[in-house]
*Asks:* 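Sharing a structure below in structure tokens format, with a few things to ask.
The sequence lines fix the lettering, A, B, ..., with proteins before strands; numbering per chain opens at 1. As the structure is a prediction and not an experimental result, all values here were calculated from the model. Because only heavy atoms are used, hydrogens play no part in the values below, and waters and symmetry mates are left out as well, while side chains stay in.
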Amino acid sequence: MPELPEVETVRRQLINLIRDETIARVEAPFPPIITHDLHWFQDTIKDQVIRDLDRKGKFLIFMLDRHAMIIHLRMEGRFHIKKDEPVLKHEHAIFHFASGRNLRYHDVRKFGRITLVEKDRVMHHPGIAALAPEPKHLDVNHFYRRLKHKRVAVKTALLDQRLVAGLGNIYVDETLFHAGIHPKRLTSSLTKKQVVRMVEHATHVLARAVELGGATIRSYQAITGVHGRFQNELAVHTKKDEPCPICQTPIIKIKVGGRGTYVCPKCQQ
DNA sequence: CCCGTGCCCTGGCGGC
DNA sequence: TGCCGCCAGGGCACGG
């Protein structure tokens, strides 16, 4: 669920809490979260200092001394800063700092992944290497040409991080609503004008959501006690049977590419 | 190469 | 009240 705005919110909040902390020890009660031999990971990360926290698409990148730790939160990964509290059921990695505090990675569904690479190899991480630019940095002509040559639903294309980075289920539904485009439309049938409009709305929706600290729906929460406010501005996502904010027609929920999708059947043709 | 499907995983919810 | 079965979904592996 965390998409670009939620991951960016986590990044902004977390960096102020962990910058300059030294990682003294790592516990991993559920080792598969870490995509390496656990002992190698623990030995390699030990004594490195957290210098910065970056983001590429939905990936968080902890910049250490010699290595970068790349974390994808997937559906419901989150972080908490704690001290001596007991380890909870869904805390799958605990980074103990020399200061006595620790950073805990919490993930009920265990979908998230943690990878450690040498700093100059970040761009070789397969997920990051394949990332397209975010909407605000897209070359619209190039994007339009790529869409022209595909035979997939536009929603499927917008979710494909190799075509455009940062959008997930929530922001794709919102983008397509504001652009007045039906999620099942084939990308090859879109006009240049529609693609331009779509990219503009994606850019705007993401920027506005970042401004509001992301959307808090279902389980997403950035850091303990902190809630985003973008959910108050959602036009269609999660709004089944509620009136369309433009034409009052009830919003319907359909499936597109296996994903739950909210649409105004009148505004989106 | 392109596209569709299934997998990972668990809490929550609907149905009875 | 309790239990069963199914759904949610980002990224990736796999197969046609």
Side-chain angles (χ1 to χ4, degrees), chain A residues 1-11 28-36 55-61 70-78 87-93 105-115 117 122-132 134-135 143 145-176 183-190 202 206 209 214-221 231 234 236-241 252-263:
Chain A
M1 197 73 50
E3 305 175 31
L4 186 154
E6 290 75 28
V7 178
E8 177 61 18
T9 300
V10 170
R11 188 191 72 77
F30 182 72
I33 289 283
I34 295 175
T35 66
H36 306 276
R55 179 187 59 74
K56 295 260 180 221
K58 307 179 196 173
F59 291 90
L60 280 171
I61 306 167
I70 301 168
I71 303 190
H72 197 296
L73 306 174
R74 290 290 181 91
M75 305 306 299
E76 37 189 87
R78 347 172 173 167
V87 174
L88 300 180
K89 185 178 177 186
H90 300 298
E91 290 175 345
H92 303 308
Y105 178 70
H106 181 283
D107 185 350
V108 170
R109 296 210 187 147
K110 300 178 174 168
F111 273 14
R113 289 294 177 264
I114 300 177
T115 302
V117 300
V122 169
M123 296 311 290
H124 292 80
H125 176 281
I128 292 177
L131 280 182
E134 295 173 10
F143 184 54
R145 263 179 271 128
R146 291 187 73 183
L147 294 182
K148 260 287 167 237
H149 297 136
K150 295 183 80 69
R151 297 284 302 172
V152 293
V154 62
K155 171 154 185 175
T156 303
L158 293 184
L159 287 172
D160 186 342
Q161 305 297 300
R162 297 167 303 178
L163 286 170
V164 52
L167 298 168
N169 212 28
I170 302 173
Y171 297 104
V172 167
D173 283 1
E174 294 299 300
T175 295
L176 290 173
K184 285 190 173 173
R185 274 282 297 276
L186 291 184
T187 54
S188 54
S189 78
L190 294 171
L206 290 179
T216 304
I217 67 173
R218 299 209 192 97
S219 54
Y220 162 72
Q221 196 180 331
Q231 67 279 7
L234 292 174
V236 290
H237 194 82
T238 71
K239 304 293 184 185
K240 179 171 148 60
D241 296 332
I252 58 170
K253 187 179 182 187
I254 62 174
K255 283 250 184 213
V256 182
R259 306 283 183 238
T261 302
Y262 298 85
V263 193

*Asks:* I'd like to compare against my own output: the B/S/- annotation of nucleotides 11-16 of chain C with a strict under-4.0 Å heavy-atom distance to protein.
*Replies:* BS----
*Asks:* With sequence neighbours left out, which residue pairs that include part of residues 122-132 of chain A fulfil the salt bridge (charged side-chain N to carboxylate O under 4.0 Å, His left out) condition?
*Replies:*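 Every pair satisfying salt bridge (charged side-chain N to carboxylate O under 4.0 Å, His left out) with a residue in residues 122-132 of chain A: there are none.
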*Asks:* Going by the rule salt bridge (Lys or Arg N to Asp or Glu O under 4.0 Å), which residues pair with A:R11 if we only count those two or more places apart in sequence or in a different chain?
*Replies:*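 Per chain and number, A:R11 pairs via salt bridge (Lys or Arg N to Asp or Glu O under 4.0 Å) with A:E8.
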*Asks:* Only counting residues at least two apart or in another chain, list the ones meeting side chain to side chain contact (heavy atoms under 4.5 Å, CB included) with A:A157.
*Replies:*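 Counting only residues at least two positions away or on another chain, A:A157 forms a side chain to side chain contact (heavy atoms under 4.5 Å, CB included) with A:L147, A:V152, A:L163, A:T187.
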*Asks:* Nearest nucleotide by nearest heavy atom, which residue falls closer to the 5' end of DNA chain B, A:G257 or A:P32?
*Replies:*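 Looking at the nearest nucleotide for each, A:G257 comes out on the 5' side.
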*Asks:* Residues two or more places apart in sequence or in another chain: which of them pass side chain to side chain contact (heavy atoms under 4.5 Å, CB included) with A:K148?
*Replies:*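 Expected list: A:Y144.
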*Asks:* Using atom CG of A:D160 as one end and atom C1' of C:dG9 as the other, report the distance to the nearest whole Å.
*Replies:*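 My rounded result for the distance is 15 Å.
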*Asks:* Between C1' on C:dA8 and CG on A:N169, what's the gap in Å once rounded to a whole number?
*Replies:*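 Those two atoms, CG and C1', are 10 Å apart.
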*Asks:* Kindly write out the residues that satisfy side chain to side chain contact (heavy atoms under 4.5 Å, CB included) with A:I254, not counting sequence neighbours, or none if the list is empty.
*Replies:*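 Scan of A:I254 (side chain to side chain contact (heavy atoms under 4.5 Å, CB included), adjacent residues dropped) gives A:H182, A:P183, A:K184, A:I252, A:V256, A:T261, A:V263.
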*Asks:* Please identify the 5'-most and 3'-most nucleotides of DNA chain B with any atom under 4.0 angstrom from a heavy atom of chain A.
*Replies:*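 Contacts span B:dC3 to B:dG11, reading 5' to 3'.
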*Asks:* Tell me whether the OP1 or OP2 atom of C:dA8 has a side-chain N or O from A:K255 closer than 4.0 Å.
*Replies:*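 Yes, A:K255 has a side-chain N/O under 4.0 Å of OP1/OP2 on C:dA8.
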*Asks:* Looking for any heavy atom pair under 4.0 Å, which part of the strands does A:G260 touch: base, sugar-phosphate only, or nothing?
*Replies:*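 The answer is sugar-phosphate, as A:G260 gets under 4.0 Å only of primed atoms, P, OP1 or OP2.
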*Asks:* Which residues pass the salt bridge (Lys or Arg N to Asp or Glu O under 4.0 Å) test with A:E134, not counting sequence neighbours?
*Replies:*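 Salt bridge (Lys or Arg N to Asp or Glu O under 4.0 Å) list for A:E134, sorted by chain: A:R55.
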*Asks:* Keeping the roles fixed (side chain from A:Q161, backbone from A:L159), state whether a donor-acceptor pair exists under 3.5 Å.
*Replies:*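 Yes.
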*Asks:* According to the salt bridge (charged side-chain N to carboxylate O under 4.0 Å, His left out) rule, which pairs have a member within residues 162-175 of chain A, sequence neighbours left out?
*Replies:*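 Listed by first then second residue: A:K155-A:D173, A:D160-A:R162.
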*Asks:* With A:R185, which residues qualify under salt bridge (Lys or Arg N to Asp or Glu O under 4.0 Å), at least two apart?
*Replies:*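 Expected list: none.
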*Asks:* Can you name the residues that form a side chain to side chain contact (heavy atoms under 4.5 Å, CB included) with A:H72, not counting sequence neighbours?
*Replies:*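 Expected list: A:K58, A:F59, A:R74.
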*Asks:* Regarding A:R113, tell me which of base, sugar-phosphate or nothing describes its non-hydrogen contacts under 4.0 Å with the strands shown.
*Replies:*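 No contact.
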*Asks:* Between the two ends of the helix from B:dC2-C:dG16 to B:dC16-C:dG2, what is the bend in degrees, rounded to 10 degrees, where each end axis spans five pairs?
*Replies:*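 The angle, to the nearest 10 degrees, is 50°.
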*Asks:* Are the side chains of A:P135 and A:L206 in touch, meaning some heavy atoms are under 4.5 Å apart?
*Replies:*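 Yes; the side chains approach each other to less than 4.5 Å.
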